[in-house]
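All values below come from the heavy atoms of this structure, side chains included, with hydrogens, waters and symmetry mates left out. Numbered from 1 within each chain, the chains take letters A, B, ... in sequence-line order.
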Number of protein chains: 4
Amino acid sequence: MTNRNVSKEERRNSLLSAALSAFGKRGYHETQVSHIIKEAKVARGTFYLYFESKRVIFDELVTKISQKIESCIHPIDKSIASEIPQQILDNITRVTDLLLKNPLYLKVFLSDAVGLDREFDERLRRFYHRVLLNIQKGLNQGQELGLVRSGNTKIISVCLLGSLKEIYYQHVLGTTKAKTHEIVEEVYLLVLHAVVEPNILAKMLP
Amino acid sequence: MTNRNVSKEERRNSLLSAALSAFGKRGYHETQVSHIIKEAKVARGTFYLYFESKRVIFDELVTKISQKIESCIHPIDKSIASEIPQQILDNITRVTDLLLKNPLYLKVFLSDAVGLDREFDERLRRFYHRVLLNIQKGLNQGQELGLVRSGNTKIISVCLLGSLKEIYYQHVLGTTKAKTHEIVEEVYLLVLHAVVEPNILAKMLP
Amino acid sequence: MTNRNVSKEERRNSLLSAALSAFGKRGYHETQVSHIIKEAKVARGTFYLYFESKRVIFDELVTKISQKIESCIHPIDKSIASEIPQQILDNITRVTDLLLKNPLYLKVFLSDAVGLDREFDERLRRFYHRVLLNIQKGLNQGQELGLVRSGNTKIISVCLLGSLKEIYYQHVLGTTKAKTHEIVEEVYLLVLHAVVEPNILAKMLP
Amino acid sequence: MTNRNVSKEERRNSLLSAALSAFGKRGYHETQVSHIIKEAKVARGTFYLYFESKRVIFDELVTKISQKIESCIHPIDKSIASEIPQQILDNITRVTDLLLKNPLYLKVFLSDAVGLDREFDERLRRFYHRVLLNIQKGLNQGQELGLVRSGNTKIISVCLLGSLKEIYYQHVLGTTKAKTHEIVEEVYLLVLHAVVEPNILAKMLP
DNA sequence: AATGAATGAGGTTTCATTCAT
DNA sequence: TATGAATGAAACCTCATTCAT
């Protein structure tokens, strides 16, 4: 029998984390409501007391994850140009840290959420769109300041985003097992080389 | 009634392309065998005459697509160093061309095939592993020749792969609508900046 | 809608008796799960909540029937020789009574269960083997006591079993419509004549 | 490819014997038309050129088998009373010989044909009815001649039929592996004891 | 609020039969 | 006459969701 001495909030959270674990282990479609309630040690009916459907709990999970990710990305303070690189570095570090420490986030966000259905694809599209706009804005400002080399900043943003996503994805797939600081450093260097104006770059590298 | 004036091979192919279209439109899970046979204008039993199950036809589709992609990637002839960049450019062009001209390939390969189940994830992992090894080998040789900057080639490979994948993915999502040559050019420049030894790079750029 | 005021055990039994009725009416292969659930006034899913498959519920049914039949056959107390015939008579009476009162048992056991598949044939073989061993043991002991005529007790056992089965079978087919006591009496006399040592027999008959 | 140098009659027979083998191996329901045509080395369409359906070829098979069985049973010539036992013995011998030498007949007739559907059950009923009437007539005449003990000849007939059927059935099941002459002898003795007037019997036994 | 038995739409697959060549 | 690809009705089973207790 279930422990009845828990608040509604606790029960909700316990269902959410059971769902995270279940979706992370088997993917959205292979996961059955049975798996979630078994893990949460809760009866079938209880599940529907907290979430309208399997789809809805997944939605909420993905929303939470994307919020956590976005909360890692702090706006860049451009008042002191020389500190911008470190701020970018910090952003990348925080996101990478979050995701590598929570592989289930990665699994759910990069695998299960992809291609679920039109509506979900649209949500993902919007999320990535926000992220991309952010990056692109940074690149554009960098170009204006003469720090960033010329080029199609839209496409460059996509590449930068893709670089990170792929690193995380390969991490999930188990191809690579690098640590946060290695990844961050290497990605940072890649970004520097990839986008910084060569003259500036020379001064930035040790 | 179905046109019976087709060879087994043609019928097979018609089923495969109907499946490509169906999976591409709705994704693996939302696609029913009914959708495929309706599109192929074929009876239910006929489908199972050619493919054991929905899963099996999807398998074959993905195998075909990954073969087509891999066949775009020609081995680099390193005998003349100056021609290496062009060869890389050609490889990227061919892959990009294939994928942008066949958005369904992209949809199926980047969305449906991801997170389908353990077995499939493993197949994808192996595919990307082969591609990554290829890129990494190139980078390593470039480093030995002093053409490529120093750095963790494994991680850099992942970033390069991710850049491309993301461009294609955003293309599927509809975020960007760039043309092959724009993409190729920009990716090429990005790669150059990202990995080429700065001294060398200076000479390569116009 | 189904009456929800029943215990799991009751529902199980109601499904079992619906199945008995359905299999008895149409035979195993002609019977569909739909027939069973319709008779039990239960939804399709409910059926599968209690039994994994049509095959499994049939298994259980046959097991139950064979147990009921075997429970009619009481071990013979040989301490008082003169009471042995009555005990045999009682056994036959009990089995005959059970089967004639439950024609569906007969239908399922003698018709549907025969030739179902290799595994089932094996189960039947074992059941009949047990019964035959029992009869044969009795005959052997009778021979030692000089009560039973000489002869191949194995084959005689089979004949005795067959006599009973055929009586039941013809009953199912509708060829004969005898009553229990007629059948029992006639079978008993047949057995007496067939296996009892003639000298002894003379004294036993009126 | 099939050998086209065969007459229609040969092809028909080859299909029939393929069907016998298939039904005998797997039973009616587990047997697919594919099994039959594979064994007969004939195309699917050809099968339907000779037989309207799977059911029809089974019908014909069973009809043929029952005719063969019935043709073993020769009418008894009662003009010389002392030769009657031998004639009965001969009948039993012929049937037993036929069935033990053709286990597939047994398998099909005793297993597959039972409980197939109402129509078939009726055909079987009629077949057994004819056989039973035959036996009963003999018993009745025996009673009139004072050779057969008194008793319900209908039920006794069923027992005699059942004895034989069960011997054959156990043979199919593999429980017993007796030879024709052993079986015949034992069955004959059983019949003698079971039905012959005791006074007469005493003179008949050695 | 919690339970878990019941539901039934909907999906996959099979296989006897047909029919154009 | 022979072929075998094509047919499609019909059967099984699953699992997200409901609802009476």
Between P of E/dT3 and NZ of C/Lys8, the distance in whole Å
15 Å
Closest heavy-atom pair and its distance - A/Ile36, A/Leu15:
CG2-O, 4.0 Å
Just how far, in rounded Å, is C1' of E/dA2 from CZ of A/Arg12?
17 Å
Defining pairs by Watson-Crick or G-U wobble geometry with both distances under 3.5 Å, how would you list the stems of DNA chain E with at least three pairs each?
E:2-21 with F:2-21
Just N and O in the side chain of D/Thr46: are any of them under 4.0 Å from OP1 or OP2 of F/dT3?
yes
For the backbone of D/Ser17 and the side chain of D/Ser21, can you confirm whether one donor and one acceptor N or O come within less than 3.5 Å of each other?
no
Point-to-point distance, once rounded to the nearest 0.5 Å, from CD1 of C/Ile65 to CD of C/Gln67:
10.5 Å
Quick one: is F/dA11 close enough that its OP1 or OP2 comes under 4.0 Å of any side-chain N or O from C/Lys54?
no
Calculate the interatomic distance between A/Arg55 atom CZ and F/dC15 atom P; express it in whole Å.
19 Å
What nucleotide among E/dT17, E/dT12, E/dT7 has an atom nearest to a side-chain atom of B/Val33?
E/dT12
Nearest-0.5 Å distance that lies between atom CZ in A/Phe58 and atom NE2 in A/His29:
8.5 Å
Residue whose closest nucleotide on DNA chain F lies nearer the 5' end, C/Thr31 versus A/Gly45
C/Thr31
Where the side chain of C/Ser53 is concerned, which of F/dC13, E/dT3, F/dA2 is the nearest nucleotide?
F/dC13
In whole Å, I'd like the distance from the CD1 atom of A/Ile37 to the C1' atom of E/dA5.
12 Å
Between E/dT13, E/dA16, E/dT7, which nucleotide has the shortest distance from any of its atoms to the side chain of D/Gln32?
E/dA16
If you check every side-chain atom of B/Ala43, which of F/dT7, E/dT7, E/dT17 has the closest atom?
F/dT7
Rounded to whole Å, please give me the gap between CZ in C/Phe47 and C1' in F/dC12.
10 Å
B/Lys38 has an atom NZ; how far is it from atom P of F/dA6, in whole Å?
21 Å
Can you give each donor-acceptor pair under 3.5 Å made by side-chain atoms of residues 102-116 of chain A, sequence neighbours left out, with the distance rounded to 0.1 Å?
residue	atom	partner	partner atom	Å
A/Asn102	ND2	A/Leu98	O	2.7
A/Tyr105	OH	A/Lys68	NZ	3.0
A/Lys107	NZ	A/Gly24	O	3.4

Report yes or no: does B/Thr46 contribute a side-chain atom to a donor-acceptor pair with the main-chain N or O of B/Val42 at less than 3.5 Å?
no
Nearest to the side chain of A/Tyr48, which nucleotide is it out of F/dT18, F/dA5, F/dT7?
F/dT18
For A/Ile36 and F/dT17, what is the distance between atoms CD1 and P respectively, to the nearest whole Å?
10 Å
Candidate nucleotides F/dA11, E/dT3, E/dT17, ranked by approach to the side chain of D/Arg44 - the nearest:
E/dT17
Please report the distance, rounded to the nearest Å, between CD in B/Glu10 and C1' in F/dA6.
15 Å
Using the salt bridge (charged side-chain N to carboxylate O under 4.0 Å, His left out) rule, collect all pairs that involve residues 47-60 of chain A, keeping only residues at least two apart or in two chains.
A/Arg12-A/Glu60, A/Arg55-A/Asp59, A/Arg55-A/Asp117, A/Asp59-A/Arg123
Closest-nucleotide ordering on DNA chain F, the 5'-leading residue of B/Leu49 and D/Tyr50
D/Tyr50
Side chains of C/Ile57 and C/Phe47: does their closest heavy-atom pair fall under 4.5 Å?
yes
